[in-house]
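Scroll down for the structure; my scribbles are underneath it.
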Amino acid sequence: MDLKTILGNAATVCTVASFFSGAFVCQKIWKKGTTADISPFPFLTGVLCGVLWLRYGLFIQDSAVIIVNTIGLTFQTVYVLWYYIFTLNRQTLHKQLFGIGILLLGLFSYLIYITKGKDEATFASGLMASGASLAFCAAPLSSMADVIKTKSVKMLPFPIILTTFGMTSLWFMYGFMLNDKFIQVPNLIGAMLAGFQLSLFVIYPSKTRTDVIPI
């Protein structure tokens, strides 16, 4: 077994494990009985990522990318459905889901009708997937202003950030082995963003263990 295969398997296992971090968010929603101030953005971007990376994986015929994103898309879809059940603001969620649907329709229409040949479509698909990954990794940054203002990390989803750091680091190394810039660049940036968010747990340490339970 070569190093590329080892890294691919490690990245796949770490990514699948990271998908379970969303279960902590769902558990907190269940305990509260409502989504309250919990944002669906990480789940929605997770769905977007899963769809776009699965399409890219099919273009380049990489089994690691295909398998992990098929599993990930399943998990993120379940999380969105769970959020939908408990949210009191379904109208807003409907708009967000509609927006993602329109975005995906536009992106796939571009790949099918505008791009010329498989190489151009693969390149465009890689750009789309990379952009979605950056949005997914940056999702917790939406709470950054509140973290700095309150000097508290209560609103940051620690398990998701930690697993994102490990996951993106491994995928960066795997992309390096493949010499695939679309895998390398977003995962390098994602690892840096996650590392920055983890540093906030050191700068603003929690007073209790419950402070790092994700919301």
Got [X] and [Y] here, is their nearest side-chain heavy-atom distance under 4.5 Å?
X: Asn179; Y: Lys181; value: yes
X: Asn69; Y: Leu52; value: no
X: Pro40; Y: Thr35; value: no
X: Ile29; Y: Thr34; value: no
X: Gln76; Y: Leu44; value: no
X: Ser169; Y: Phe172; value: no
X: Tyr110; Y: Leu105; value: no
X: Val68; Y: Trp171; value: yes

When hydrophobic residues are tied together by side-chain contacts of less than 4.5 Å, even through go-betweens, does [X] share a cluster with [Y]?
X: Ile71; Y: Val78; answer: no
X: Trp30; Y: Phe19; answer: yes
X: Leu127; Y: Leu178; answer: yes
X: Leu81; Y: Phe75; answer: no
X: Leu73; Y: Leu104; answer: yes

I need the minimum non-hydrogen distance between [X] and [Y], along with the two atoms involved.
X: Thr15; Y: Ala11; answer: OG1-O, 2.6 Å
X: Ala64; Y: Gly8; answer: CB-O, 4.4 Å
X: Met167; Y: Ser18; answer: SD-OG, 3.5 Å
X: Ala194; Y: Thr164; answer: CB-CG2, 4.2 Å
X: Thr163; Y: Cys14; answer: O-SG, 4.4 Å
X: Cys49; Y: Ala132; answer: SG-O, 3.0 Å

Assess the residue pair Tyr174 and Asn9 against the criterion (side chain to side chain donor-acceptor pair (under 3.5 Å)); give the C-alpha distance rounded to whole Å, side-chain angles, the decisive distance to 0.1 Å, and a yes or no. CA-CA 9 Å; Tyr174 182 67; Asn9 290 339; over 6 Å; no

Nearest 0.5 Å, please: how far is OG1 in Thr12 from CD1 in Ile66? 11.0 Å

Any chance you could measure Ser39, atom OG, to Gln96, atom CD, to the nearest 0.5 Å? 7.0 Å

May I have the step-by-step check of side chain to side chain contact (heavy atoms under 4.5 Å, CB included) for Leu103 and Phe98, ending in yes or no? CA-CA 9 Å; Leu103 176 61; Phe98 180 75; over 6 Å; no

Exam field: side chain [X] to backbone [Y], donor-acceptor pair closer than 3.5 Å:
X: Glu120; Y: Thr115; answer: no
X: Thr168; Y: Phe165; answer: yes
X: Arg55; Y: Ser125; answer: no
X: Gln197; Y: Leu193; answer: yes
X: Thr122; Y: Lys118; answer: yes
X: Ser130; Y: Pro186; answer: no

Mind telling me whether Phe43 and Tyr79 have parallel, tilted or perpendicular rings, with 30° and 60° as the class edges? tilted

What orientation do Phe86 and Trp82 show, parallel under 30°, tilted 30 to 60°, or perpendicular over 60°? tilted

As a quick check of understanding, evaluate side chain to side chain contact (heavy atoms under 4.5 Å, CB included) for Phe201 and Ile161, giving each step before the final call. CA-CA 11 Å; Phe201 287 88; Ile161 295 171; 4.1 Å; yes

For [X], does the [atom1] atom sit with more than 12 other heavy atoms under 6.0 Å from it, leaving out its own atoms?
X: Phe123; atom1: CZ; result: no
X: Phe108; atom1: CZ; result: yes
X: Met192; atom1: CE; result: no

Against Leu54, only a single residue in Thr70, Val65, Ile67 fulfils side chain to side chain contact (heavy atoms under 4.5 Å, CB included); can you say which? Thr70

Only one of Leu7, Thr5, Ile183 clears side chain to side chain contact (heavy atoms under 4.5 Å, CB included) with Met177; which? Leu7

Please tell me whether Asn89 and Thr92 have a donor and an acceptor in their side chains that are separated by less than 3.5 angstrom. yes

Show, in sequence, the C-alpha distance, side-chain angles and deciding distance for Trp53 and Met128, and conclude whether the side chain to side chain contact (heavy atoms under 4.5 Å, CB included) test is met. CA-CA 8 Å; Trp53 276 111; Met128 295 172 188; over 6 Å; no

